[in-house]
Amino acid sequence: MEEINKELNEQIPDPEMSGQAQDAALESVQPQEGETSAAETSHEINVEKASKRQKIGKIFAYIGLYAFLTVMALVVLFPFYWMLISSVKTIAEYNLYSPTLWPKKFEWVNYANVFSKEAATIDLGTMFGNTVLVGVVSTILSLIVTVLSAYAFAKMEFRGKNILFGAMLATMMIPGELFTITNYITVTDMGMYNKYTALILPFLVSVFYIYLLRQNFLQIPNELYLAAKVDGTSDFKYLWRVMIPLASPTLISITILKMMGAWNSYLWPRLVADDGHQLITVGLRELADALSEGSTPNFPLQMAAVVLVTLPLLVVFLLFRKYIMRGVSRSGIKG
Amino acid sequence: MDEEKTLTEEPVLAEEVPEVLQSDDAAYENGDPVTAEEGGMPAEAQPGKKKKKGGKWQAKNQWKAWLYLLPAIAILAVFTVWPIINTIRMSFLDGFTYSAQMTHAKMNFGVKNFQAIVGDSDFLNALGNTMLLTVITVPVSTMLALLIAVGLNSIKWLKKVYQTIFFLPYVTNTIAIGMVFLAMFNIIGSWAGGMQPSSIGLINKLIVGCGGKPIDWINESSSKVANMAVLMIFIIWNALPFKILVLLGGLQNVDKQYYDAAKVDGASRFRIFWRVTVPLLSPMIAYVVITGFIGGFKEYNSVIGIFGEDMGPTGSPGRLMTMVGLIMNRIEDGSVKFYGEASAGAIILFLIIFAVTLINLYVSKKKVHY
């Protein structure tokens, strides 16, 4: 029992028990203990005696800790690795009974085949194009709408402002599936079925983005606004010249999150779009159905398509890590 | 609409507004960064003063504000407010379908849609699946995320690298990575009676390599337990990044004095973890658990990613049905399109999520410190 306990302790060393933090801890403790010098000296002796033993323990703790983190990181990374190497294997190599961890021969043609209607059985190229188009247009329009509303809520005064804002926030509690049914009816009634507008319009306004940007706008001091007013600057000019540059980090977060959402959406595009306007995620799923059955399933081609969908997002993430993580930590939504 | 009414009334009432707004704001803005920095001073006090001086400017600004809000309000009215009303309406119109929508037939009010969807053989299956998935994946992923977050918080070397790796699953397409899991767990064709399967996934290759018998995880002869196992692994893998991000953020804000005190008292690391770290992090833990439960009950894409649109292995469609899947089936179901039943399902889902969130909040109120 004790051993288990010890092991656990080592695996989870506390942040403040180590390194710099420990020095900081001692510093903050000592002044307080100044009143009783006896306690202080005994404390210091104890620290010296224990320090050697502690150091060895600490090293073991760190080894355990890094081992744990590394194992978990490998688990997280493995599907990515497997997707990448499988995407460049030949079907024969993929099907080998003893799996190869590195492709013997790089079959780059898998990637070309993703865009060949014959090999993939589905027109994935068009779907990629659709997804990019829908993603870019809906992000730009969404940014415009979000900026205007957030500005009105942050800096303008009008009657019913707080009631309206509160009501908008309240809609965030309702699961999106509840809107889907009526929106599907609305979209079909308006003749937007299988049109780009159906894919773009319903999700143009995100209350969460408005909220996020409004919070950012509120932090910009009002003095700037009043000064601009005295100078006779119009609201729109002030928004464009002062607010937007100052809030650009939040705007970048919103842009990326919105793009990610468009890139990954499945349920709605599947419902309202058909041949010619279908988005990539739906195409991927069709590809899996088409190429998994039968006597010669083609997993390498599937994985190549998956890489093409996944990689752009990973690259964007690595470039804008900070902005994405900051936006996400406040949302709790995926995409 | 409502907005326009306010707009026309405005100039007359302009003088009264500031007081109303001010008192409203003081309470409302409590959690605001601005208020916090100003040491509790109502955030809108300044604009309030400013407004009293220039009634004319304010009246002019009023319609401008509405102009700025117009696009958002118009879209929200059509695609958010109307759906709320209409979905409730449809759910209580007995047997409301696509054809009823088209012919504008007069329908009776009642609860038949609710009865129909609850009585559906798939309903209990869907409810059971979603509950099982949620009840298992949320605690497991939260615990794992907590361990990883505490680990990350106590290292310096390679911290950024690990942090980046652990976040990667978040920025992926659920359907796409679902296909990777499908490929890894797959086994296609029969291997019974000396036959060679036509394709075999990595996991079964490893099992066979270790001398075991291949397991059908997701194909025709698979068991539900095996299906669920794959699905849960995938969901947990997918759920970790957000939880780690939030918990690590919380850890970085913990006041170091608590640890100093615990250390002076000679508490062990294990004890510090349970008695200091977990309680101090409890608001963040409550947050990830609540969002985890909400996400769990809305599970859909993960099932589609691995099992396809049939939501089950070949031969057993609907075995892994979820609540959202049930609603989607009602909308799409052939030519009939049971809008009424789909709406009833959506409202039941909303009520479940609402109830679970309330329970979570109640529990965390008792358990969460400060």
Side-chain angles (χ1 to χ4, degrees), chain A residues 5 8-9 12-16 18 25 28-29 65 68-69 72-73 76-77 79 82-83 95 99 145 148-149 151-152 156-160 162 171 174-175 177-179 181-184 202 204-205 218-219 222 264 266 281 284-285 288-289 295 297 299 302 306 309-310 313 317 325 329 332, chain B residues 6 10 17 24 28 33-34 46-47 51 61-62 65 68-69 71-72 75-76 79-80 83 86-87 148 150-151 153-154 162 165-166 171-173 175-177 179-180 183 188 198-199 202 205 245-246 249 256 259-260 268-270 272-273 291 298 301 308 324 327 331 339 342-343 346 350 353:
Chain A
N5 231 345
L8 275 172
N9 295 349
I12 318 157
D14 220 89
E16 316 320 328
S18 50
S28 68
V29 167
L65 177 62
F68 168 69
L69 288 176
M72 290 312 294
V76 165
L77 281 179
W82 194 246
M83 148 189 110
N95 283 336
V145 175
L148 290 178
S149 326
Y151 182 74
M156 292 174 143
E157 291 305 327
F158 55 94
R159 195 153 176 268
N162 293 295
T171 63
I174 297 162
E177 287 70 22
L178 204 134
F179 307 134
I181 309 158
T182 301
N183 284 346
Y184 174 67
L204 220 46
V205 183
L218 279 175
Q219 285 173 325
N222 246 330
N264 290 336
Y266 173 78
T281 310
L284 269 187
R285 193 50 243 180
D289 285 335
S295 52
F299 282 104
Q302 281 187 42
V306 167
V309 172
T310 310
L313 284 182
F317 167 61
M325 289 173 114
S329 63
Chain B
T6 338
E10 205 33 56
V17 179
D24 243 50
Y28 188 68
V34 177
Q46 282 176 319
K51 262 184 317 187
N61 215 33
Q62 290 263 340
Y68 276 61
L69 285 169
I75 293 170
L76 282 176
F79 293 107
T80 300
N86 190 46
T87 305
I148 294 172
V150 170
N153 194 40
S154 50
Y162 279 107
I165 290 173
F166 285 123
V171 285
T172 54
N173 188 315
I175 305 282
I177 301 297
M179 282 165 67
V180 180
I188 293 173
S198 55
S199 181
L202 175 72
K205 281 176 191 166
L245 182 72
V246 172
K256 294 189 181 355
Y259 290 108
D260 299 343
S268 72
R269 278 171 182 154
F270 188 68
I272 289 177
F273 175 74
T291 51
K298 287 160 63 168
N301 280 8
V324 174
I327 296 166
I331 307 179
Y339 291 151
S343 305
F350 168 65
I353 290 175

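Residue numbers begin at 1 in each chain, while the letters A, B, ... track the order of the sequences. Model, not experiment: these values are computed from the prediction.
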- Item | Between CD on residue A:E177 and CD1 on residue B:I331, distance to nearest 0.5 Å |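 If we round to the nearest 0.5 Å, A:E177:CD and B:I331:CD1 are 9.5 Å apart.
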- Item | Between CG on residue A:D289 and CE on residue B:M179, distance to nearest 0.5 Å |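 With rounding to 0.5 Å, CG (A:D289) is 9.0 Å from CE (B:M179).
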In the structure I gave you, are the side-chain heavy atoms of [X] and [Y] within less than 4.5 Å of one another anywhere?
X      : Y      : result
B:F79  : A:L204 : no
B:I177 : A:M83  : yes
B:P83  : A:I181 : no

- Partner residues of B:Y162 under the ring pair (Phe, Tyr, Trp, His ring centres under 6.0 Å) criterion, sequence neighbours left out: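 None.
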Grab the two heavy atoms, one from [X] and one from [Y], that are nearest each other, plus how far apart they are.
X      : Y      : value
B:A65  : A:A152 : O-CB, 3.9 Å
A:L148 : B:P71  : CD1-CG, 4.4 Å
A:F158 : B:Q62  : CA-NE2, 3.3 Å

- Check for a donor-acceptor pair, side chain of A:T182 on one end and backbone N or O of B:N86 on the other, with a separation under 3.5 Å.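 No; zero donor-acceptor contacts below 3.5 Å.
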Please flag which part of [X] lies under 4.5 Å from any non-hydrogen atom of chain B: side chain, backbone, both or neither.
X      : result
A:T171 : side chain
A:F179 : both
A:V309 : side chain

- Interface residue of largest heavy-atom contact number with chain B, from A:L77, A:L178, A:V145, under 4.5 Å: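 Sorted descending by pairs with chain B, the first entry is A:L178.
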- Relative to chain B, which of A:N183, A:L313, A:V306, A:L284 shows the most heavy atom pairs under 4.5 Å?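 So the answer, after comparing A:N183, A:L313, A:V306, A:L284, is A:N183.
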- Query: Going through the checks in order, is the side-chain contact (heavy atoms from CB on, under 4.5 Å) test met by B:L69 and A:M156?
  - Reply: CA-CA 11 Å; B:L69 285 169; A:M156 292 174 143; over 6 Å; no
- Message: If we define contacts as heavy-atom pairs under 4.5 Å, which of B:N301, B:V324, B:L202 has the most with chain A?
- Response: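 Looking at each of B:N301, B:V324, B:L202 in turn, B:L202 comes out on top.
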- Message: Taking side-chain contact (heavy atoms from CB on, under 4.5 Å) as the definition, give me every residue that meets it alongside B:L76, ordered by chain and number, with sequence neighbours left out.
- Response: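 Partners of B:L76 by the side-chain contact (heavy atoms from CB on, under 4.5 Å) criterion, ordered by chain and then number, come out as A:M168, A:V205, A:V207, B:T80.
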- Item | A:Y266 and B:N173: CA distance, side-chain angles, deciding distance, side-chain contact (heavy atoms from CB on, under 4.5 Å) verdict | CA-CA 9 Å; A:Y266 173 78; B:N173 188 315; over 6 Å; no
- Using non-hydrogen atoms and a 4.5 Å limit, figure out which bit of B:I327 sits close to chain A: side chain, backbone, both or neither.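 Contact with chain A involves the side chain of B:I327 alone.
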- Message: Using heavy-atom distances under 4.5 Å, tell me whether B:I165 contacts chain A through its side chain, its backbone, both, or neither.
- Response: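 The answer is both parts of B:I165.
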- So, A:T310 and B:T172: side-chain donor and acceptor under 3.5 Å apart, yes or no?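 Their side chains do not contain a donor-acceptor pair, so the 3.5 Å distance test is not met.
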